[in-house]
Amino acid sequence: MDPVLFGANTQERIVAVHQQQESAMRVYSRTADSVIWEDADFYPFFFLTDASLLAGYRGKHWVKELSGSNAFRYLCAFPRWNEMWEAIRFLIDRHNQTAAPKIESYAELPWLHVRTDPVGQFLLQSGRTLFKGMAFEELHRMQLDIETYTGHGHRFSNANRVEDRIIVVALSDNRGFSRAIHGREFAEKELLEEVVRTIRERDPDVIEGHNIFNFDLPYILKRCELHGVDFAVGRDGSTFRSFETRTAFADRAVDVTSAEVGGRHVIDTWLLLQAYDVSKRTLESYGLKYAAQHFGFARQDRIYVAGEKISWYWDNEPDLLIRYAMDDVYETGKLSELLSPPYFYLSQMVPMNFGALARAGSAAKIETLLLREYVRQKQSVPSPSRGLQTTGGYTDIFITGIVEHVVDVDVESLYPSIMITDGIAPRTESIGVFTHLLTRLTAMRLDAKRAMKAEADPANRAKLDALQSSFKILINSFYGYLGYNRALFNDIEQADRVTMTGQAHLRRLIEAIGSRRGAVIQVDTDGIFFSPPDTIRGVEEKEEAFVPLIARELPEGIRLALNGRYKAMLSYKKKNYALLGYDNKISMKGSSLTSRSLEKFGRHFVAQCIDALLNRNIAALHSLFVSLWTDIAEHRLTVADFARTETLREGSLAYAESLERGERNKTASYEVALASGLSWKPGDRVSYYITGSDASVKGFENCKLAEEWDPTLPDENVAFYQKRLQELAKKFEVFFQPQDFRAIFSMDDLFPFSPDGIEILTVRLERTAPAEPDPDEPRIWLEEPGDDE
DNA sequence: AGCTGTGGCAGGGAGG
DNA sequence: CCTCCCTGCCAC
């Protein structure tokens, strides 16, 4: 096993590490038949740029000068945690007492670098990792879910609503145990104590829940506090330690009240689900019930209870409510089985504990791997450099309209491959760990994938799949790490080198396709949609053989793969298109076609129009438009159809302040949330609709919560929604001659609508780069000359 | 304390 | 009308 990747101490099976007090550390190791704990033997430390900063510090400490020429050249170690905190306080007082405003956080000191998470630092320094050599199935995982009694409906679950009480705690584990502890048998205080007893008796390694961090755990802890119950479910009898954290998922950040407990790991499947969706982008919601349906493990007889009906069920049908809670824990277990194994296997490599790994961002994972090796080799560590990346992926569009017989090729792992073949690494990374890790991870991933394909046993296959996807998580983060402003080992110039090289590869491929009489439709970063030369178009074997032909333009180590073949493609704009498969399935991509913030009627309308276009059914376009127009006019749509659902990314305070400073304008979604008097937190979603009678009303002055809509007195703004429909129809303007477009998308039925003679335009857009079209060449891909604006 | 990147489109509001 | 700017959402 590679020690750089897996750490030292390769035999030891550590189950968990826990910080017990400020100064104590417990390590829980597993023996053959039981779980034992032992004290840890290690020294807390931080890095300094200059050892003289600590001159005059009286407490016991050791200073080690590190090799290399990076910024942090000294490692200062201390006998206990308390002594390290004391030294940090000394540094702040001594070197910043005159600075105004006074520095309150050591994170702001450029000459000090300290990882203050004791567990993380222990793993980092000791070179140990968790669950070494274990299979996921060997984990003892327990699922938990609570139901609360509110007496009346509630919209946002709120752990601080102390007047609500817990009526059901459902528990299950992967060893056949399941039990509902509920308020028909216990008063709440006794109920909570029974939960503590049960968890300690079962003694699971992992506690799992869906949104357990932001709901179940804070709620339980709050109620325990009220009753004076010590929720001491830790292996050493300790209780939960909670702390606010922010987790970033692509472009949105989620605030989470994380919690840890001694000797166990907490896994929140709600977070895992969002991490999963960052790359997949297929989920409509992050709810447990939706996910269970989506992944296909919802039981046939599963009980569904709407959130606001829970109290009613408790009063009238308690057994059903209990079954509902048990169904929840069952689905939580299944969801975790699906999503958490890659993180479990990562915990055997990365010096973070399982629970922390499932919450951490990808840059943090890479950094701990680098840092562990730097500490082991006693090498100095660089400080982050600031900068802005100047380039990204290459995106372009060459043809709009409908193209028949389309091939999609993509460069496999474009950025990692470039980094490996060109040896791109941070210049400050002086001992070659970055490239070593990336190369080894890539090789191991390929091995795991190969082994998976050869494996017949489904259980082993699943394990290998989890293993290869844990490698993938890391591999894909190396490029992002380079450009991350707060990374110790960042290097913005090298990040630009990666993207520029990627752009060059793509342009070469585009040229290669064009010179062989193929027609490129759209390009995005590492993938190309094109129409193959007419001599091979639509013939599977020939199209497959075409791929290696153009791949010859790429350097050694950069591989091109056939990603898909399609019966037709509707190319709309950059990053916006729809595909019709040979199985007649349609998939749509792009914010202007599939955005979740589009009203439901709009999404449906766009999807139906695209279906009609791809199947060249012009008559259907017209009838879709006409029927929807009259449905709106006659109030035949319900609020679910025309409400808009948007995410509130800012809290109420941040929104108000932002308005105050004139940095943003009033927005309907926020105004509706404010007017309702509900409190919300960033990430909550709100549904609203537009009222009034004028199509040009200001949204923020004429909006109402979706739930306020009354079907007997529909007050939605008919003119506004009809205008919306027209705007949506405008998306399809580019596909028709102006007079045809007007005929299709209009209510004018002076003459009956006839699709005869209407053609769908396919337009080659004016381009200067990369390859100028030869005017003498026949434009084989053109179906209509079109008016190119 | 904890938070990978760039590129592109839509829609709304403010102001010319 | 139009342009600018901001936010939200999405592709990769």
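Convention: sequence-line order gives letters A, B, ...; per-chain numbering from 1. Atoms considered below: every heavy atom in the structure, side chains included; atoms not considered: hydrogens, waters and symmetry mates.
A sub-4.0 Å separation between OP1 or OP2 of B:dA14 and a side-chain N or O of A:R664 is absent. For the OP1/OP2 pair of C:dC9 and a distance below 4.0 Å, the side-chain nitrogens and oxygens of A:R649 include at least one atom meeting the criterion. Using a 4.0 Å cut-off, no side-chain N or O of A:R644 falls inside it from OP1 or OP2 of B:dA10. An OP1 or OP2 oxygen of B:dC9 is reached within less than 4.0 angstrom by no side-chain nitrogen or oxygen of A:K731. Distances shown here put every side-chain N or O of A:K575 at or beyond 4.0 Å from the OP1 or OP2 atom of B:dG8. Residue A:Y577 places none of its side-chain N or O atoms closer than 4.0 Å to OP1 or OP2 of C:dC10. Within the 4.0 Å cut-off from OP1 or OP2 of C:dG8, at least one side-chain nitrogen or oxygen of A:Y670 is found.
Scanning atom types as modelled, no donor and acceptor separated by under 3.5 angstrom connect the side chain of A:S591 and the base of C:dG8.
Using a 30° and 60° split on the angle between ring planes, A:F741 and A:F745 fall in the tilted class, from 30° to 60°. Ring geometry for A:F42 against A:F122 counts as perpendicular: the plane angle is over 60°, on a 0 to 90° scale with 30° as the lower cut.
In this structure, A:Y688 atom OH and B:dG11 atom P are separated by 12 Å, rounded to whole Å. We find that CD of A:E260 is positioned 11 Å from C1' of B:dA1, with the value rounded to whole Å. Whole-Å rounding puts the A:K666 NZ to B:dG12 P distance at 17 Å. Atom CZ in A:F249 sits about 16 Å away from atom P in C:dC10, given to the nearest Å. Between the CZ atom of A:F605 and the C1' atom of B:dA10 there is a distance of 16 Å, given to the nearest Å. Residue A:R596 contributes atom CZ, which lies 10 Å from atom C1' of C:dC10 at whole-angstrom precision. Taking atom CG of residue A:D524 and atom P of nucleotide C:dA11, one finds them 10 Å apart after rounding to whole Å. Distance, A:F720 CZ to B:dG13 C1': 13 Å, rounded to whole Å.
Residue A:T667 is out of contact with every strand shown, counting any heavy-atom pair closer than 4.0 Å. Across all strands, A:R241 comes closer than 4.0 Å to base atoms (heavy-atom distances). Using a 4.0 Å heavy-atom distance criterion, A:S477 is classed as making no nucleic acid contact. A:G480 comes within 4.0 angstrom of a base, heavy atoms only. The residue A:D526 sits close only to the backbone: its heavy atoms come under 4.0 Å of sugar-phosphate atoms, none of a base. Looking at heavy-atom distances under 4.0 Å, A:Y481 makes no contact with the nucleic acid at all. Within 4.0 Å (heavy atoms only), A:R115 reaches no atom of the nucleic acid at all. Among the protein residues, A:F478 comes within range of no part of the nucleic acid, since none of its heavy atoms lies under 4.0 Å from any strand. The residue A:T247 sits apart from the nucleic acid: no heavy atom pair falls under 4.0 Å. Residue A:E650 is classed as having no contact, given no heavy-atom separation below 4.0 Å to the nucleic acid.
Of the candidate nucleotides B:dC9, B:dG11, C:dA11, B:dC9 has the atom nearest to the side chain of A:K574. Checking B:dG12, B:dT4, B:dC9 against the side-chain heavy atoms of A:N576 singles out B:dC9 as nearest. Considering only side-chain atoms of A:L728, the nucleotide from C:dC9, B:dG11, B:dC9 that sits closest is B:dG11. Nearest nucleotide to the A:Q389 side chain, out of C:dC10, B:dG5, B:dG8: B:dG5. With distances taken from any side-chain atom of A:R685 to the nucleotides B:dA14, B:dG5, C:dC9, the minimum falls on C:dC9. Of the candidate nucleotides B:dT4, C:dA11, C:dC9, B:dT4 has the atom nearest to the side chain of A:S362. Closest to the side chain of A:K589, out of B:dG13, C:dC9, C:dA11, is C:dA11.
Ion pairing between A:R724 and A:E727 holds under the 4.0 Å rule for side-chain N and carboxylate O.
For the atom pair OG of A:S470 and CE of A:M349, the computed distance is 3.5 Å after rounding to the nearest 0.5 Å.
Taking the six-membered ring for Trp, A:F489 and A:F434 have ring centres at least 6.0 Å apart.
For the pair A:R664 and A:Y670, the cation-pi criterion (under 6.0 Å, within 45° of the ring axis) is fulfilled.
Judged purely by distance below 3.5 Å, without hydrogens or angles, the side chains of A:Y374 and A:E429 pair a donor atom with an acceptor atom.
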